[in-house]
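The structure under discussion appears below in the form of structure tokens.
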Protein chains: 2
Amino acid sequence: MPRPTKQSPERGDARTRLLEAACDVVRQKGFAATSVDDLCQEAGVTKGAFFHHFKTKEALGVAAANHWAETTSALFANASFHELDDPLDRVLAYLDLRKGIIGGEVFEFTCLVGTMTQEVHESAPAIRDACAESIFGHAATLEADIEAARQQRGIDADWTAESLARHTQAVLQGGFILAKATGDPELARESVDHLRNYIEQLFGVAG
Amino acid sequence: MPRPTKQSPERGDARTRLLEAACDVVRQKGFAATSVDDLCQEAGVTKGAFFHHFKTKEALGVAAANHWAETTSALFANASFHELDDPLDRVLAYLDLRKGIIGGEVFEFTCLVGTMTQEVHESAPAIRDACAESIFGHAATLEADIEAARQQRGIDADWTAESLARHTQAVLQGGFILAKATGDPELARESVDHLRNYIEQLFGVAG
DNA sequence: GAATAGATACCAACTGTACGGTATGTATCT
DNA sequence: AGATACATACCGTACAGTTGGTATCTATTC
């Protein structure tokens, strides 16, 4: 899904370009430190266009979180691991996919909604709620496979599929923070490895 | 951060109050959204005092990260779990302590340096580095107990104590994000439970 | 131990500007 | 003709940082 560039004239409309700019710039600088002018410049549009499409900067934040939820859910919905028959294999393949994405520049693999949540959880509830829906909506797609795996293998666990799905998201988000602290993606991958190891152990798989 | 010396005698109250204000306000609003005036008002000092003690807002960010490292390391250094004989017990008791701290208002239990890292990792390397030192310095204190536990129990692991110590910090940081997304501390505690469960399994402890 | 000089710790008032947002325009659709 | 999709120019303010001041320490000298 190649993103239109500033050179190419048939790139998306201003609204879409602003949302994509927000994904990139906010992940680099944070939401508060990203100015409306920053976004307009990155998107190649004017402020008039910005405030035509978004009533306020906060409204853009909400729309960006929703845009993020849409694009990432499409990404994972189309991934090939869903074709695996064994639900546990699907869960583990999901983790492998997540790990494989982590690399290159920090802003390229980190999570927009995790970043925004940290900043605005108190001051902008509308953005926070949109971020929460993205995170937990995504976790819910994983929860189904975890629960299926648990039932299929007859695991009598003291944890719920819901909590384990949420835990995967916590590990990913936390890994991103360590990666940001050092600039080294390996720290995020390392935590995914521990998470995979944990899930294998929960399901009695030999490492 | 250096204790008051003869050259730099008892540092004014204002400096400490500003650092403590930063810990509170930045955890609520984020670093960029926290204005110097916010901090001065919270600390009950004037802007003149602020810029007497800190050359720039960024310098305050560095000092706040160092202050955080100091106060938290003192907190954990004085905790009673260090008296336990079994190193694995110390690791598990550390997790119990971490879990016990999580509760009340979000800004009261979340991590200043994790929050700041997310925001400034690209734009303010000095703050990022101070945050990284706080995070990984803390992880290192845990690493010692993990390594001792591993050697004591003769575990031939495919993971290092260093990576597991870092993973604990990732889980905590990630748990904080989920808690912020919902306002519910339980989500952070839940991830600590999974982490504890993981470590017990790594060391062959029956849940 | 008094006087003095310099450094430190603050305070109040100010400044330049970058920010979010607005007002108003025009071209292109339906 | 009206709505949509932009663009240009502008506005009030909140921001980080400055200036210039005073009070209070500390060190030194006589």
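All heavy atoms count here, side chains included; hydrogens, waters and symmetry mates do not. Sequence lines set the chain letters: A, B, ... in the order given, protein chains first and strands last, and positions in each chain run from 1.
The CZ atom of A/Arg189 sits 15.0 Å away from atom CG of A/Leu95, with the distance rounded to the nearest 0.5 Å.
Rounded to an integer number of Å, the gap from CZ of B/Phe50 to C1' of C/dA13 is 18 Å. One can place NZ of A/Lys55 at 13 Å from C1' of C/dT22, the figure rounded to the nearest angstrom. Distance A/Phe54 CZ to C/dT22 C1': 18 Å, rounded to the nearest Å. Here D/dC15 presents its C1' atom at 13 Å from NZ of A/Lys57, a figure rounded to the nearest Å. Counting to the nearest Å, the P atom of D/dT4 and the CZ atom of A/Arg15 are 14 Å from each other. Taking atom CG on B/Leu60 and atom C1' on D/dC15, their separation rounds to 15 Å, with Å as the unit. Going from atom CZ of B/Phe51 over to atom C1' of C/dA13 covers 15 Å, rounded to whole Å.
Just one residue in the list B/Lys180, B/Gln173, B/Gln28, B/Arg27 forms a side chain to side chain donor-acceptor pair (under 3.5 Å) with B/Thr115, and that residue is B/Lys180.
Cation-pi geometry between B/Arg150 and B/Trp159 is met: the NZ or CZ atom falls under 6.0 Å from the ring centre, inside 45° of the normal.
Of the candidates C/dG21, C/dA9, D/dA5, C/dA9 carries the atom nearest the B/His52 side chain, counting heavy atoms from C-beta on. Which of D/dC6, D/dA16, C/dG21 sits closest to the side chain of A/Asp13 comes down to D/dC6. Of all nucleotides listed (C/dA9, D/dC15, C/dG20), D/dC15 comes nearest to the side chain of B/Ser35.
Remark: side-chain polar atoms of B/Ser191 are not paired, donor with acceptor, to backbone N or O of B/Ala188 under 3.5 angstrom. A donor-acceptor pair is defined here as one N or O able to donate and one able to accept, closer than 3.5 Å; such a pair exists between the side chain of B/Arg90 and the backbone of B/Asp85. Using modelled atom types, one side-chain atom of A/Lys57 and one backbone atom of A/Thr34 make a donor-acceptor pair closer than 3.5 Å.
Aromatic ring pairs are classed by plane angle as parallel below 30°, tilted from 30° to 60° and perpendicular above 60°; the pair A/Tyr94 and A/His138 is tilted.
Within residues 36-49 of chain B, the residues having any heavy atom under 4.0 Å from DNA chain C are, by residue number, B/Val45, B/Thr46, B/Gly48, B/Ala49.
Distances shorter than 4.0 Å separate none of the side-chain N or O atoms of B/His53 from OP1 or OP2 on C/dA9.
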